[in-house]
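See below for the structure under consideration.
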Number of protein chains: 2
Amino acid sequence: MTSVAPSQEGSTRSVDRALRLLAAVLESTTQGTLSDLARATELSAATASRLLATLAQHDLVVRGEDGKYRSGTRMRQLAAAALRDNALYELVGPHLIQLVEETSETASLGVPGPPGEVLYLRQVPSPRQVQTAVWTGRTIPRDGTALGAALDGATTPRGFVTSQRPDSDVTAVAAPVLGHNGEILGAISINAPAYRTTDADVERYGAALVRHARELSVALGAPQHLVGPA
Amino acid sequence: MTSVAPSQEGSTRSVDRALRLLAAVLESTTQGTLSDLARATELSAATASRLLATLAQHDLVVRGEDGKYRSGTRMRQLAAAALRDNALYELVGPHLIQLVEETSETASLGVPGPPGEVLYLRQVPSPRQVQTAVWTGRTIPRDGTALGAALDGATTPRGFVTSQRPDSDVTAVAAPVLGHNGEILGAISINAPAYRTTDADVERYGAALVRHARELSVALGAPQHLVGPA
DNA sequence: CCTTCTCTTTTCATCTGCCGAAAATCGATC
DNA sequence: GATCGATTTTCGGCAGATGAAAAGAGAAGG
């Protein structure tokens, strides 16, 4: 059973205790009854009972017929979310920097936002004086945008999608990033001022995006047959 | 930003609040600053600040330079543990039942226990009157046992390992189960009374264990090249 | 059937830990 | 410098969290 350090400065004690119980459950490879957990965390049985009941109400833990506590459905949902979203955020950084070096244009990560919208989650700006704006934290429509189309999986056979709307002076190119079940987690894009973007530029940006999206997808565990050859 | 249900009956209020903040962080796909999270969970900024600080002390969340909260390292550790251990426990049930039908002997799942020991995590007993005992929740030594050797990956080329100790009247056969990174999560075994177990029985049990271990490994996401052909 | 035991939950009185309002701090902008 | 919004800290009050004890629940044995 896990032995844990004493409570730390300035924390909320009851929350601290509950979190230690949660960790004891999740890391347990031995007996996991209420009594075991109370002893492991040096709490009274009464306190442990109440705190575990709170964790159980949130479905973070569940008690089996054998009286042992294990992770609950909600815990696994939050677990999957933690593993999925943070990995993408952290992994994408160096790729965006490199995309800017290769294209001299602004590079972005977009993820699903509120219904019908795409969120700019992370961006690296172009080094040029004239550049597309950095809108990190803002959303754009999902319809009619390159990021939106990439999130919908509506790419060409080469793996990227472009957008040049008549009412916009931005040319956007985007490619989706896949997770370990082959699901689309997000998309990376290059946004460039249309006045200096040729068709050859679009092809070049697209190829770079597909290459980086592929590397990211592989790093996130996407099945090889969905990612395609290197 | 996530909107969450009111607090439920009988829970520990401060823990309840902290868990709702944690869920809001992990599920957030929009702004995730302290103010955002306080609004989403209808807490005062002061309370949210303190509770998030407690979560951060446990490294369940971390605040980036942009002021937004994301999952922390410890959260991802616990997440991986939750996804790994519970999946194995639940998935193995039908396989153990089937192994008993195929062999008429006691089938077990063993996982790493305290140092130098193996824990019987789940078992299905033989239907016969003379059977090996069900020791669910107990540990056996890792050295010199079939489960221990399987957890150490010390199998024959056919994928299973046997144990027939001179001081024991039990014949044990075991095969390891792999996770999505190819790591050994546990091992499944058949324990049979030695007096009625022939060499042909051992071969048969081994083949059945390898087949089921393979199916379990695939279901848990193990890379195909580590699992071997079906 | 009853008794005994262990584990768990609930009750209850106590007190201190948690709370929110307010003040202070911090960082960005003009 | 002043202003503003976000965040942290201070502080007094009270109710929520606590542990001891009682009650409840289930299993085992006679």
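Naming convention: chains lettered A, B, ... in sequence-line order (proteins, then strands); numbering from 1 in each chain. These numbers were taken from a predicted model, which means no experiment stands behind them.
A close approach under 4.0 Å does occur between a side-chain nitrogen or oxygen of B:S49 and OP1 or OP2 of D:dT8. For the OP1/OP2 pair of D:dT7 and a distance below 4.0 Å, the side-chain nitrogens and oxygens of B:S35 include at least one atom meeting the criterion. Using a 4.0 Å cut-off, no side-chain N or O of B:R17 falls inside it from OP1 or OP2 of D:dA17. For D:dA17, the OP1/OP2 oxygens have a side-chain nitrogen or oxygen of B:S14 closer than 4.0 Å.
When the P atom of C:dC19 is taken as reference, atom CG of B:D16 falls 11 Å away, rounded to whole Å. One atom, CZ of B:R39, and another, C1' of D:dA6, lie 10 Å apart when rounded to the nearest Å. Rounded to whole Å, atom P of C:dT8 lies 11 Å from atom NZ of A:K68. B:L34 places its CG atom 15 Å from the C1' atom of C:dG27, with the value rounded to the nearest Å. Between the P atom of D:dT8 and the CD atom of B:Q57 lies a distance of 12 Å, rounded to the nearest Å.
In this structure, of D:dT18, C:dT9, C:dA21, it is D:dT18 that holds the atom nearest to the side chain of A:R50. Taking only side-chain atoms of B:L51, from C-beta outward, the nucleotide of C:dC19, D:dT8, D:dG19 with the closest atom is C:dC19. Comparing atom distances between the A:R13 side chain and each of C:dT9, C:dC19, C:dC18 picks out C:dC18 as nearest. In the set C:dC19, C:dG17, D:dG19, D:dG19 carries the atom at the smallest distance from any side-chain atom of A:A46.
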### Query
When you look at A:M75 and A:V25, which way does the side chain to side chain contact (heavy atoms under 4.5 Å, CB included) test go after all the steps?
CA-CA 11 Å; A:M75 182 68 226; A:V25 171; over 6 Å; no
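Residue-to-nucleotide proximity on DNA chain C shows that, of A:V15 and A:A45, the 5′-proximal contact is made by A:A45. Place A:G67 and B:S44 on DNA chain C by their nearest nucleotides, and A:G67 ends up nearer the 5' end.
For the 3.5 Å distance criterion, the side chains of B:S14 and A:S14 qualify, holding a donor opposite an acceptor.
Within the 4.5 Å cutoff, side-chain heavy atoms of A:L78 are placed close to those of A:L60. In this structure the side chain of A:L178 reaches within 4.5 angstrom of the side chain of A:I184, judged on heavy atoms.
With respect to A:R196 and A:E105, a salt bridge is recorded, a charged nitrogen being found less than 4.0 Å from a carboxylate O.
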